[in-house]
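Here, residue 1 is the first one in the sequence, and each next residue gets the next number.
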Amino acid sequence: MSNVTQTTQPPVRAVLLDIEGTTLPVSFVHDILFPYARKALPHLLRTHADDPTVKAQLAEIERLAPGVPPLRQLEAWMDVDAKVAPLKALQGMVWAQGYADGVLKATLFPDVVPALRCWAAAGLALAVYSSGSVAAQKLIYGHTTEGDLSSVFVGFYDLQVGSKREADSYRHIVQDAQWKPTDVLFLSDVVAELDAAEQAGLRTCQIVRPADGTQPGTTHPVAATLAEVAARFGLPRAEAA
């Protein structure tokens, strides 16, 4: 699907994955998770204002938006899908309760579970890098319609390491995981994120999901499924894929 050609490179030893639009449909986040959080956040702020985690996020909201009522600012951020740490952290808290209650359960793209299990079993190191908080990431993979997948990952990274559109963020991840950049393949649906990862020395592939209407770029290899990624980069291929 892309004109980008692959030169001979050493085998991929680690795969860093985005979530939304890559392993999980955008609709799950925007049509299920976001409305649930919008409805539940007022109750969280009323009943858990003394919780240390909530207090820390409220302080960060005040720092970022002085004088603005916290709930109003959170709603404003939600209106524009802002990638800000306090919003993501508080959303993660209400989602945790939703998953615990069985109200929320993630449905991944059908090619994802076979591929992840196959790659982990073959010894590839798998990690997640998403704008959603680490807690929210673990909830998604810990509560899927196909069971708990969190154990296939060796690491989870969020905006605490920096913006997904900045090369230094990927350098921090590689350093933390003790990987060599050229051993790592980053999968995302967003070209700007792939550009940043490439600047940090990582290998890249854009995941273009027809169901999400993702538009393929021209500067990175492109694949529609993780099975195609496996074929393109010489990764183990799951029988079910």
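- Of the candidates V184, L126, V128, L187, V184 is the only one forming a side chain to side chain contact (heavy atoms under 4.5 Å, CB included) with L16.
- Heavy atoms only, all atoms of each residue included: M93 and T53 are closest at SD-CG2, 3.9 Å.
- Put simply, the side chain of W77 does not reach to within 4.5 Å of the side chain of K83, judged on heavy atoms.
- Residue D148 holds its CG atom at 7.5 Å from NE2 of H143, rounded to the nearest 0.5 Å.
- The CG atom of L235 sits 13.0 Å away from atom CD of E228, with the distance rounded to the nearest 0.5 Å.
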Stepwise side chain to side chain donor-acceptor pair (under 3.5 Å) test for Y129 and D158: CA-CA 6 Å; Y129 181 28; D158 59 18; over 6 Å; no
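- For the 3.5 Å distance criterion, the side chains of T214 and D212 fail to qualify, holding no donor opposite an acceptor.
- There is a path of hydrophobic side-chain contacts, each under 4.5 Å, that joins V29 to M78.
- In the model, Q199 has no side-chain atom that pairs as donor or acceptor with a side-chain atom of D195 under 3.5 Å.
- H30 places no side-chain N or O within 3.5 Å of a backbone atom of V26 that could act as its donor or acceptor partner.
- A pairwise comparison of heavy atoms in S133 and K88 identifies OG-O, 3.6 Å as the closest pair.
- Linking ILVMFWY side-chain heavy atoms closer than 4.5 Å, directly or via other members, places V229 and V190 in two distinct hydrophobic clusters.
- Cluster annotation: Y157 and L116 are assigned to distinct hydrophobic clusters (Ile/Leu/Val/Met/Phe/Trp/Tyr, side-chain heavy-atom contacts under 4.5 Å, transitive).
- The side chain to side chain contact (heavy atoms under 4.5 Å, CB included) check on V154 picks up A125, W179, with sequence neighbours excluded.
- Nearest heavy atoms, E193 versus S188: OE1-OG, 2.7 Å.
- Remark: R232 CZ to L226 CG distance equals 14.0 Å, nearest 0.5 Å.
- A donor-acceptor pair under 3.5 Å is formed between the side chain of S169 and the backbone N or O of S163.
- Residues L149 and V112 have side chains not in contact (no heavy-atom distance under 4.5 Å, counting atoms from C-beta outward).
- Using a 4.0 Å cut-off between a side-chain N of Lys or Arg and a carboxylate O of Asp or Glu, R209 and D111 qualify as a salt bridge.
- L194 and L202 end up in the same hydrophobic cluster when Ile, Leu, Val, Met, Phe, Trp and Tyr side chains are linked at under 4.5 Å.
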Stepwise side-chain contact (heavy atoms from CB on, under 4.5 Å) check, F186 with E198: CA-CA 9 Å; F186 177 54; E198 186 176 56; over 6 Å; no
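- When side chains are defined from C-beta on, Q91 does not count as touching Y36, because their heavy atoms never get closer than 4.5 Å.
- Checked by atom type and distance alone, the side chain of H220 never pairs as donor or acceptor with a backbone atom of T204 at under 3.5 Å.
- The shortest heavy-atom contact between R165 and A196 is C-CB, 3.5 Å.
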Worked check of side-chain contact (heavy atoms from CB on, under 4.5 Å) between I61 and L90: CA-CA 11 Å; I61 294 171; L90 293 172; 4.1 Å; yes
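- Using a 30° and 60° split on the angle between ring planes, W95 and F34 fall in the parallel class, below 30°.
- A chain of hydrophobic side-chain contacts below 4.5 Å, direct or via other Ile, Leu, Val, Met, Phe, Trp or Tyr residues, connects F153 to Y99.
- Contact annotation: the side chain of V15 approaches that of V12 to within less than 4.5 Å [non-hydrogen atoms, C-beta and beyond].
- For the pair A200 and R171, the tightest heavy-atom approach, listed with the atom from each and the gap, is CB-CG, 3.7 Å.
- F109 places none of its side-chain heavy atoms less than 4.5 Å from the side chain of L24.
- For the atom pair CG of L41 and CZ of R46, the computed distance is 11.0 Å after rounding to the nearest 0.5 Å.
- Side-chain contact between L108 and Y141 is present, with heavy atoms from C-beta onward closer than 4.5 Å.
- Considering only heavy atoms from C-beta on, V222 stays 4.5 Å or farther from C205 through its side chain.
- Taking CD1 of I140 as the reference point, atom OG1 of T23 lies at 7.5 Å (rounded to 0.5 Å).
- Counting heavy atoms from C-beta on, the side chains of V191 and Q206 come closer than 4.5 Å.
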Step-by-step side-chain contact (heavy atoms from CB on, under 4.5 Å) determination, T144 to T107: CA-CA 6 Å; T144 82; T107 301; over 6 Å; no
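- Using a 4.0 Å cut-off between charged nitrogen and carboxylate oxygen, R72 and E75 do not count as a salt-bridge pair.
- Salt bridge present: R38 and D79 bring a charged side-chain N and a carboxylate O closer than 4.0 Å.
- Crowding of E62 atom CD: a count of heavy atoms from other residues, nucleotides or ligands under 6.0 Å exceeding 12.
- Using a cut-off of 4.0 Å between Lys/Arg side-chain N and Asp/Glu carboxylate O, D183 and R203 are scored as not salt-bridged.
- For the atom pair NZ (K105) and CG (L139), the distance works out to 13.0 Å, reported to the nearest 0.5 Å.
- In this structure, A230 and P236 approach most closely via the heavy-atom pair CB-O, 3.6 Å.
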